Protein chains: 2
Amino acid sequence: MSNLTTNFNNKTIKYKQLLSNFKSLLKKNSLKFTVQREVILKTLYNSDIHLTPESLHQLIQKKYPELKTGIATVYRTLSLLEESGIATSLSFGAQGKKYELGAKKHHDHLICTECGSITEFVDEEIEHRQQKITEELGFKMSDHSMQIYGICKKCQNK
Amino acid sequence: MSNLTTNFNNKTIKYKQLLSNFKSLLKKNSLKFTVQREVILKTLYNSDIHLTPESLHQLIQKKYPELKTGIATVYRTLSLLEESGIATSLSFGAQGKKYELGAKKHHDHLICTECGSITEFVDEEIEHRQQKITEELGFKMSDHSMQIYGICKKCQNK
DNA sequence: ATAGTTTTTGGATATAATTGCAAAAAATAT
DNA sequence: ATATTTTTTGCAATTATATCCAAAAACTAT
Ligand SMILES: [Mn+2]
Ligand SMILES: [Mn+2]
Ligand SMILES: [Zn+2]
Ligand SMILES: [Zn+2]
């Protein structure tokens with residue numbers, strides 16, 4: 001399936017560092033560093049909310065209209081970023097996918113099925129078990145994604 | 001977001017029981033029990049692999065050609081089943097969504113990013129932590145989904 | 001059983017996501 | 001710097017998914 005080579009983990013990093021990582025990833029895979037790719041990376045980096053491909057595209061068109069970035073490029077770049085572990089997507093069931101940069105430290109999501117609000121969390125015990133399970137089953141873990149669905153406090157009190 | 005009323009949990013159950021659950025769910029939500037909905041439920045139940053909407057549709061057309069079931073109905077019914085917790089979908093990144101019935105006992109997925117093979121597992125410790133975390137954050141958990149991505153044994157030896 | 005009411009359906013249409021392709025941009029070689 | 005090669009891009013075409021709507025089926029009340 002995926003056949004991209006990567007070698008760095010997602011950490012909380014400065015944009016400069018992220019950009020440099022991205023560049024070396026591209027080089028390692030004989031891909032080119034383009035202005036569109038940088039703009040997409042930067043826009044994701046500067047957003048603290050989860051973005052759909054469409055909303056990301058609109059943001060970019062507004063901020064860099066002279067680029068006339070195509071929606072296809074946004075989709076292609078998001079896939080690239082996800083495959084290489086720089087970004088992750090969050091599936092919202094019916095509501096489709098939203099993306100966020102893995103530049104933040106890894107975390108999982110608690111999603112309210114009433115109002116759609118998202119709470120991020122990490123639990124070391126779970127992280128540890130995941131690693132263990134994977135090993136037991138003979139896999140080599142590269143990534144994981146976990147979503148808990150429920151009703152948030154606010155919505156419970158309605 | 002979702003506003004369907006449900007009241008039973010997914011267990012390993014006989015088809016008859018599942019069907020009865022489905023019927024009462026429909027009634028409770030003023031939805032109608034139709035031959036298409038039953039065929040979709042039954043076909044999912046009898047499949048032990050994860051199905052895309054398209055492959056499910058093809059299966060049904062082959063087995064029940066006189067029904068001329070529309071693809072739109074398949075999509076609509078899958079959403080209905082997912083919303084009500086009877087089926088779950090598994091996001092395959094680029095490869096789209098696949099569905100399975102929650103009639104089997106709950107489990108999580110280990111997905112090989114090379115060959116796409118899927119291994120199912122459950123870890124009680126993780127299940128327990130998930131519940132605990134949710135409570136700590138003031139949520140009421142209704143469901144969760146967890147996928148671990150990696151390279152399977154077979155693909156490691158290639 | 002029949003008629004009235006509500007919901008679902010298939011097919012058409014609309015929108016979202018992916019892919020093919022020729023022109024443009026980036027990287028490399030000279 | 002310029003030419004050559006490789007990859008990417010935007011747009012168009014395709015495919016996947018969702019929505020609209022009038023006809024059909026399911027349910028309710030008689
Ligand atoms: Mn995690
Ligand atoms: Mn689980
Ligand atoms: Zn909420
Ligand atoms: Zn494999």
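A, B, ... follow the sequence lines: proteins, then strands. Residue 1 opens every chain. Small disclaimer: the values here were computed from a predicted structure and weren't measured.
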Discussion item. Nearest 0.5 Å, please: how far is CZ in A/Phe22 from CD in A/Glu38?
Written reply: 9.0 Å

Worksheet item: So if you build clusters from Ile, Leu, Val, Met, Phe, Trp, Tyr with side-chain heavy-atom gaps below 4.5 Å, do B/Ile118 and B/Ile151 land together?
Response: no

Worksheet entry | Contact nearer the 5' end of DNA chain D, comparing B/Glu54 with B/Val35 | B/Glu54

Below 3.5 Å is the cut-off: list the nitrogen or oxygen pairs between protein and nucleotides 2-4 of chain D, distance only.
none

Worksheet item: Which value, rounded to the nearest 0.5 Å, describes the distance between A/Gln130 atom CD and A/Asp108 atom CG?
Response: 6.5 Å

Fill in: Whether B/Thr77 side chain and B/Val74 backbone form a donor-acceptor pair below 3.5 Å
no

Worksheet, complete the sentence: Separation of D/dT9 atom P from A/Leu26 atom CG, nearest Å, is 10 Å

N/O-N/O pairs, protein side and nucleotides 1-6 of chain C side, under 3.5 Å:
| residue | atom | partner | partner atom | Å |
| --- | --- | --- | --- | --- |
| C/dT6 | O2 | B/Lys32 | NZ | 2.1 |

Worksheet item: With no hydrogens and no angle check, is any side-chain donor or acceptor of A/Tyr149 less than 3.5 Å from a backbone partner on B/His144?
Response: no

Contacts under 3.5 angstrom, residues 63-73 of chain A side chains, donor-acceptor by atom type, not counting sequence neighbours:
none

Response to the item:
Across all chains, not counting sequence neighbours, the salt bridge (Lys or Arg N to Asp or Glu O under 4.0 Å) partners of B/Asp143 are none

Discussion item. Please report the distance, rounded to the nearest Å, between NE2 in A/His57 and P in C/dT18.
Written reply: 14 Å

Practice prompt. Using atom NZ of A/Lys97 as one end and atom P of D/dT17 as the other, report the distance to the nearest whole Å.
Written response: 11 Å

Discussion item. Using only atom types and a distance under 3.5 Å, with no angle test, would you say the side chain of A/Ser20 pairs donor to acceptor with the backbone of A/Lys16?
Written reply: no

Worksheet item: Would you say the side-chain atoms of B/Gln147 pair up with the backbone N or O of B/Leu110, donor to acceptor, closer than 3.5 Å?
Response: no

Worksheet entry | Main-chain N/O of A/Asp48 paired with A/Glu100 side-chain donor or acceptor, under 3.5 Å | no

Check the interface with nucleotides 28-30 of chain D: list each N/O to N/O pair with the protein under 3.5 Å, or write none.
none

Worksheet item: Between D/dA26 atom C1' and B/Gln36 atom CD, what is the distance in whole Å?
Response: 11 Å

Worksheet item: Roughly how far, to the nearest 0.5 Å, is CG of A/Leu18 from NZ of A/Lys23?
Response: 11.5 Å

Worksheet item: If you measure only the distance, is there a donor-acceptor pair under 3.5 Å linking the side chains of B/Gln131 and B/Glu135?
Response: yes

Item to complete: Would you kindly give the CZ-to-P distance between B/Arg37 and D/dA26, to the nearest whole Å?
Response: 11 Å

Discussion item. In this structure, how many angstroms lie between the P atom of D/dT9 and the CZ atom of A/Phe33, rounded?
Written reply: 11 Å

Practice prompt. Report the distance from atom CG of A/Leu31 to atom C1' of D/dT9, rounded to the nearest whole Å.
Written response: 14 Å

Practice prompt. Rounded to the nearest 0.5 Å, what's the gap from NZ on A/Lys42 to CG on A/Asn46? Could you check?
Written response: 8.0 Å

Practice prompt. May I have the distance from A/Asn29 (atom CG) to D/dT8 (atom P), rounded to whole angstrom?
Written response: 10 Å

Practice prompt. Can you sort out which residues in residues 66-77 of chain B have a heavy atom within less than 4.0 Å of DNA chain D? Ascending by number, please.
Written response: B/Ala72, B/Tyr75, B/Arg76

Discussion item. I'd like to know if the side chain of A/Ser47 and the backbone of A/Leu44 have a donor-acceptor N/O pair within less than 3.5 Å.
Written reply: no

